[in-house]
Number of protein chains: 2
Amino acid sequence: MTNISDVARVAGVSVATVSRALRGISTVQESTRQRVLEAATQLDYVVSPTAASLASGRTRVVGIITPFLSRWFFANAISAIEKTLREHGFHALLIDLEATGTYDRRQLTTHMLSKRVDGLIAVNIPLRDEELALITRLNLPLVSIGNPVPGCALVQIDEAQTVTAAVDHIVALGHERIGYVGAVPAQAAHTLVPYRRLTAFREALSDHALNVADSWVVSCDWTASDAARQARLLFAETGGPTAIIAGSDEMAMGVMSAAAEADLRIPEDLSVIGIDDHYLSEVLKLSTVRQDVLAQGSAAAMILLHQLLEGSEEITPSLPSNMSSDRVLTVPTDLVPRRTTAPHRGSVSSHSFLGLPH
Amino acid sequence: MTNISDVARVAGVSVATVSRALRGISTVQESTRQRVLEAATQLDYVVSPTAASLASGRTRVVGIITPFLSRWFFANAISAIEKTLREHGFHALLIDLEATGTYDRRQLTTHMLSKRVDGLIAVNIPLRDEELALITRLNLPLVSIGNPVPGCALVQIDEAQTVTAAVDHIVALGHERIGYVGAVPAQAAHTLVPYRRLTAFREALSDHALNVADSWVVSCDWTASDAARQARLLFAETGGPTAIIAGSDEMAMGVMSAAAEADLRIPEDLSVIGIDDHYLSEVLKLSTVRQDVLAQGSAAAMILLHQLLEGSEEITPSLPSNMSSDRVLTVPTDLVPRRTTAPHRGSVSSHSFLGLPH
DNA sequence: CTGTTAGCGCCTTCAG
DNA sequence: CTGAAGGCGCTAACAG
């Protein structure tokens with residue numbers, strides 16, 4: 001394996017110069033840089049990342065902390081993060097905290113982080129105090145998606161506004177008996193978002209002077225199958241809601257499934273709306289409030305990169321004006337009405353929804 | 001940051017002994033090891049992975065090469081791989097080759113691999129010759145999932161048998177007009193699996209002495225939405241198939257959606273079966289041939305770890321007897337019938353697809 | 001069983 | 001603008 005001194009020899013300069021030239025640093029005469037570049041190319045030279053890390057103390061690796069790797073939101077966020085990192089010469093190390101149980105998770109340890117990453121992105125996972133203390137002690141910059149961490153940049157959506165958009169849509173269609181699927185036990189690992197959505201749901205209903213029966217707020221573990229299971233119970237009773245708002249599209253799909261089993265037609269007998277715009281929602285014609293997960297992922301990565309590179313002699317990526325490395329970036333969401341929501345039958349206005357028969 | 005010589009000093013031994021004791025290596029007197037462990041704990045010592053890598057030439061990092069991060073198969077495989085690696089003290093570095101275009105992908109480069117990983121797992125992506133040459137040149141062990149690579153261990157399912165299971169099931173129900181969704185242009189990046197499935201489909205039909213109209217074999221890009229789009233064309237004609245076999249569950253979902261739009265009831269007018277057992281398939285009541293992606297992921301990781309650790313002084317994980325580090329492991333698949341039925345016979349209660357209007 | 005010592009390959013002051 | 005030289009923290013012979 002050819003190393004830096006080979007290049008130095010061929011280029012007829014010192015290793016220090018090679019190091020500087022290759023990193024595009026400061027003051028290296030252009031002609032010198034050219035010679036170095038040629039020598040490097042000719043020798044097929046590739047910097048040893050480990051040696052560089054040991055010497056510099058930086059790894060150009062970012063850890064992605066996440067409670068799940070394979071769920072829609074997380075997989076997409078990770079994908080966007082990885083792409084953005086890569087474009088800037090950084091790499092992504094997976095730190096998956098998923099455990100076997102639904103409401104449990106593994107703990108972040110020194111071993112996972114120490115000397116291994118330059119910074120962290122937490123994807124929608126509330127970090128525990130000890131974990132935050134560890135991160136602080138290791139002096140690792142952290143950007144969080146979805147969960148505010150004091151002193152850290154945050155990328156999020158406006159949960160209240162998102163849920164309100166769904167509720168407003170449903171209410172505008174004339175529904176008054178509206179249920180919610182996606183309440184979550186307090187000990188859930190990924191607890192904040194569910195909590196905020198439920199709270200927003202209650203507030204939005206109350207803004208419309210609407211009541212919710214307790215049994216219309218159903219708890220489940222944020223999977224389609226559990227949502228189906230719980231919704232079945234709901235539909236077993238008569239006089240249930242005419243519309244359901246689900247905390248996520250996957251749960252909405254579960255609800256649709258349970259409704260079909262209960263011989264409820266969608267949207268004639270039941271309107272359903274989710275949140276996300278999951279990649280299958282379009283095909284399932286599920287109304288939803290879309291959130292741009294890829295945008296959230298790359299924004300988080302950009303902000304972190306900016307922090308990591310500022311002060312260095314490298315070109316620091318300039319942040320879009322709407323991002324700031326020490327504050328909150330709120331990515332907009334937007335209502336996507338599809339076929340699963342329609343006017344409540346018997347409501348005053350009997351316009352058909354999107355020209356479709358009810 | 002405390003380092004190995006601090007520990008050595010406190011424990012009253014040499015750095016070499018600390019190194020050995022901490023790695024659980026060979027011949028260190030138990031009492032000595034204890035003292036070292038105590039010192040390390042007391043000092044909150046954590047080995048520097050970069051220094052260790054530089055000195056040893058090994059990184060304890062495995063690269064996961066994949067064409068997609070967020071699609072169901074890939075996200076799950078990655079999740080399983082990461083878990084298995086982690087259990088053995090290894091880390092996962094993402095090498096996502098996804099490009100913007102559907103049928104294109106980025107190329108593996110020296111920069112992504114060199115001195116960065118000890119080994120590689122290729123998740124269902126056919127590596128190009130140059131890429132394989134690179135991997136060979138870097139002397140990196142490779143385990144492949146889904147695509148055979150000469151000289152490398154392979155984890156796969158039996159594609160032919162899997163497709164045949166679907167066909168047999170459909171034929172056993174009495175169908176004779178059977179279509180296939182999931183043919184793929186030859187230039188597709190992830191071309192082998194689609195090709196094998198289509199071939200197997202044709203052979204299976206021919207084994208049953210059944211013919212397929214050309215128009216019943218539809219091409220699409222292996223997403224639900226494109227499958228829906230293409231299937232719509234199919235259903236626009238009359239006298240089409242009474243059953244569809246889709247190359248993946250996601251495509252099957254697209255087919256179901258298109259069928260609903262075309263007023264075809266499932267399963268009365270059309271039986272649909274996919275391959276995968278996607279996490280939404282149960283809720284969508286989609287018949288399928290299940291493959292265990294997690295098993296494939298962890299098997300691949302186990303095999304690679306075994307190769308990486310054998311010959312070292314560390315405890316090498318013993319491979320389950322069905323795995324071998326230099327051959328092919330075929331993970332079984334199994335038929336999961338859900339709502340497929342005999343043709344033209346239904347009329348019990350006719351559930352529409354998720355309660356959606358036909 | 002344990003200690004000594006030379007690197008691993010690069011970055012980064014500090015001189016010049 | 002460039003070179004010299006001392007680490008970064010650990011591992012791996014080689015002695016003992």
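Computed from a predicted model, the values in this text were never measured in an experiment. Chain naming here is simple, since letters A, B, ... match the order of the sequence lines and numbering starts at 1 in each.
For B/Asp6 and D/dC8, the CG to P distance is 11 Å, given to the nearest whole Å. As a whole-Å value, the separation of A/Ile4 CD1 from C/dT12 P is 11 Å. The distance between atom CD of B/Gln29 and atom P of C/dG3, rounded to the nearest whole Å, is 11 Å. Rounded to a whole Å, the CZ atom of A/Arg35 is 12 Å from the C1' atom of D/dC1. Between B/Asp118 atom CG and C/dC8 atom P there is a gap of 19 Å when expressed in whole angstrom units. Distance CD (B/Gln34) to C1' (C/dC1): 16 Å, rounded to an integer number of Å.
No hydrogens or angles considered: nothing links the side chains of A/Ser53 and A/Thr50 as a donor-acceptor pair under 3.5 Å. A/Gln34 and A/Glu30 share a donor-acceptor pair across their side chains, judged by distance under 3.5 Å alone.
Taking a 4.0 Å limit (strictly below) on heavy-atom distances, residues 50-58 of chain A reaches DNA chain D at A/Leu54, A/Ala55. A heavy atom lying under 4.0 Å from DNA chain D marks none of the residues of residues 108-117 of chain A.
Side-chain proximity of A/Asn3 to C/dG9, C/dT5, D/dC10: nearest is C/dG9. Distance from the side chain of A/Tyr45 is smallest to C/dC10 among D/dC10, D/dA12, C/dC10. In the set D/dT11, C/dC10, D/dA4, the nucleotide with an atom closest to the side chain of A/Ser14 is D/dA4. Distances were taken from every side-chain heavy atom of B/Thr32 (C-beta onward) to each of C/dT2, C/dC11, C/dG3; the shortest belongs to C/dT2.
Note that A/Arg71 lies in the cation-pi zone of A/Phe68, set by a 6.0 Å cut-off to the ring centre and a 45° limit from the axis.
Between A/Thr17 and D/dG3, a side-chain N or O to OP1/OP2 separation shorter than 4.0 Å is present. In this structure, B/Arg20 does not reach the D/dT11 phosphate: none of its side-chain N or O atoms is under 4.0 Å from OP1 or OP2.
Within the 4.5 Å cutoff, the side chain of A/Leu192 has heavy atoms near those of the A/Asn147 side chain. At a threshold of 4.5 Å between non-hydrogen side-chain atoms, the residues B/Leu69 and A/Glu82 count as touching. Using a 4.5 Å heavy-atom threshold, the side chains of B/Leu37 and B/Leu22 count as touching. In this structure, the side chains of A/Ile303 and A/Leu305 stay at 4.5 Å or more apart for every pair of heavy atoms.
Between A/Glu131 and A/Arg105 there is a salt bridge, since at least one side-chain N of the basic residue sits less than 4.0 Å from a carboxylate O of the acidic one.
Nearest heavy atoms, A/Glu98 versus A/Asp96: N-OD1, 2.9 Å.
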